[in-house]
Amino acid sequence: MAIELGKTYLNYIDGGWGPSRSGNTAASLNPANINEIVGYVQLSTKEDLDRAVASAKDASKSWRRLAGSARGELLIKAAAVLESRLEEIAETMTREMGKTFAEAKGETARGIAILRYYAGEGMRRIGDVIPSTDSEALMLTTRVPLGVVGVISPWNFPVAIPVWKMAPALIYGNTVVLKPAQETAVTAAKLVECFAEAGLPAGVVNLVTGSGALVGQGLAEHPDVNGITFTGSNQVGKRVAQAALARGAKYQLEMGGKNPIIIAADADLDLAVDATISGGLRSSGQKCTATSRVIIVNEVYEAFKKRLLAKLEGITIGNGMDAGTWMGPCANEQQLTTVLSYIQQGLEEGAELMFGSISRAEGPQLTKGYFVKPAVFGNVSSRMRIAQEEIFGPVLALIRAESFEEAIALANDTEFGLSASVFTQNIGNMLTFIQDLDAGLVRVNSETAGVELQAPFGGTKQSSSHSREQGQAAIEFFTSIKTVFIKG
Ligand SMILES: NC(=O)c1ccc[n+]([C@@H]2O[C@H](COP(=O)([O-])OP(=O)(O)OC[C@H]3O[C@@H](n4cnc5c(N)ncnc54)[C@H](O)[C@@H]3O)[C@@H](O)[C@H]2O)c1
Ligand SMILES: O=CCCC(=O)C(=O)O
């Protein structure tokens, strides 16, 4: 089924769809063909945001009192609606941000699974009984929701990330105001339609689209927003945290990465090459978990490099809706410019561009989109900017290590700590890697990308506010512990 293009999407506030008070909209363009307008989304004002927060605050009084199982039933219904619209929403995602249709379908299926997982959380343990020093008293802990939660999400996982924030927020009794990335606001509107159709009470979920500086910052600063969960760049994340901290609100940040893969001397090189390509270049490298530094132990450097370069020749670039496309475009013009400027930077720093180009990709089907070929640099040293700064594009930096120990030190030589992987068959190497790698997600004989919804996810160092999302770990952010002391 083809989606309807060029429609206008509205804000969702207090259970109703409506335009922004500004009367202004912005076009959401297809990065594979910028002549295609996927839809128009609202450019909201502070007043729209205030109405959304007020409705979320009001709805929170009864939502928090519902049994967790009743909230769970509504998440199950939202999952069913999302499932019935999987292909349509995945197509919208591909058209809005460029990832292939297969990846978009996988991500939408992930959103459905996350909703079902958190529906079950509504019936799980939320506290402990702790012996009191008073033998006649009962002491226990319970958990209470924060109240209104502001969700600020990026464009790279436009279904999975909002869902992995909204589902735990809702199941633990919070109400939500979602401010999605403007690039993928049509996908976000369709996602919110699923919650609306599932029958969530008015005000429990609200959607306000618009500029980050106005709506996002407004959410972070809003006195009636009790918690802010943010995923995006470090620069913006820190601003959000400062605004939340200044008024004593709880906040959670998941931000950038510069994720390493280590190829040990005993690695299965074919598997390692496949994992490097998949981890580094799927979604055009626009995953926070994407591989960007490939640290190869000297003995296998040349053999690995040869196999990697040979395999890259097979990558097809194009519109993510075409079945033959392996890699789509960059998600927007700014991403394309950033990627090309880092390729230029790598050359200026003296690295060797072994694959790719400093210009955008060429081809009859590529002229209307933000396409770039994958780039692979050799002769990279760890202190170069291309080895230190998050590029968020299909660029791999190959770094030579004299030993496995040096490979670990190089992998840790970054301000980020999101994910890391190693290819080795040696159990000692595996254990050293697990122990010594400073990252929130460490993966052995597997690519750096790939997050499982039932496990905690988050980073160390500059990648995170040191909290964890997903799995049962999400309860720590979305609730407060209340200690109860009862004496008859
Ligand atoms: N660690 C993770 O889990 C994770 C996951 C996905 C993406 N990311 C990171 O996200 C970045 C790419 O996404 P992006 O370009 O959408 O990030 P971004 O920081 O530009 O935007 C993220 C969100 O913040 C909003 N925003 C912008 N300015 C704001 C402000 N002043 N106040 C409040 N909100 C504001 C945006 O509108 C968007 O909704 C990369 O750095 C990537 O590593 C991290
Ligand atoms: O972009 C951040 C999320 C990454 C992710 O979900 C994955 O690697 O699967």
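The figures here come from the full heavy-atom set of this structure, side chains too, leaving out hydrogens, waters and symmetry mates. Order of listing sets the numbers, starting from 1, for every ligand and every atom in it.
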Whether [X] engages the ring of [Y] as a cation-pi pair (distance to the six-membered ring centre under 6.0 angstrom, angle to the ring normal within 45°) should be assessed.
X      : Y      : value
Lys99  : Phe157 : yes
Lys7   : Tyr40  : no
Lys373 : Phe371 : no

Output yes when the distance from some N or O of ligand 1 to some N or O of [X] is under 3.5 Å, and no in every other case.
X      : value
Ser211 : no
Gln335 : no
Glu390 : yes
Ser233 : yes

Is a side-chain donor or acceptor of Arg443 paired with a backbone partner of Val422 at a separation under 3.5 angstrom?
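Checking the backbone N and O of Val422 against the side chain of Arg443, no donor-acceptor pair under 3.5 Å is found.
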Review point. Are any side-chain N or O atoms of Thr94 and backbone N or O atoms of Gly320, one a donor and one an acceptor, separated by less than 3.5 Å?
Key: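 No, because the side chain of Thr94 does not come within donor-acceptor range (under 3.5 Å) of the backbone of Gly320.
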- Message: I need the nearest protein heavy-atom contact for atom 9 (C) of ligand 1: residue, atom name and distance, please.
- Response: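 Answer, as residue, atom name and distance: Gly232 O, 3.1 Å.
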_Shortest protein heavy-atom distance from atom 39 (O) of ligand 1, along with the residue and atom involved_ =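 Here the closest protein heavy atom is Ser153 O, 2.8 Å.
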Note: Asp224 and Val53 closest approach over all heavy atoms is CB-CG1, 3.6 Å
Side chains of Thr45 and Asp48, donor plus acceptor under 3.5 Å =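 Per modelled atom types, Thr45 and Asp48 side chains form a pair under 3.5 Å.
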### Message
Side chains of Thr325 and Asn319: any donor to acceptor distance under 3.5 Å?
### Response
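The criterion, which ignores hydrogens and geometry beyond distance, is not satisfied for Thr325 and Asn319.
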Using heavy atoms and a threshold below 4.0 Å, how should the contact between [X] and ligand 1 be classified: side chain, backbone, both, or neither?
X      : result
Ala220 : neither
Pro180 : backbone
Thr231 : both

Atom 6 (C) of ligand 1: of Leu253, Ile152, Asn156, the nearest heavy atom sits on Asn156
**Asked** What about the rings of Trp164 and Phe478, do their centers lie closer together than 6.0 Å?
**Response** no
Do any heavy atoms of [X] fall under 4.0 Å from ligand 1?
X      : result
Ile161 : yes
Met255 : yes
Phe392 : yes

- Task: Could you name the protein residues that come within less than 4.0 Å of ligand 2, counting only heavy atoms, and order them by chain and residue number?
- Result: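 Ligand 2 is contacted, at a heavy-atom distance under 4.0 Å, by Arg110, Asn156, Phe157, Trp164, Lys287, Cys288, Thr289, Ala449, Gly450, Val451.
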Contacts of Glu96 meeting salt bridge (Lys or Arg N to Asp or Glu O under 4.0 Å) (sequence neighbours excluded), chain-then-number -> none
Short list, please: which atoms of ligand 1 are under 4.0 Å from a heavy atom of Gly216?
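In order of numbering, the contacting atoms are 32 (N), 33 (C), 34 (N).
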When rounded to the nearest 0.5 Å, the distance separating CZ of Arg21 from CG of Leu43 is 16.0 Å
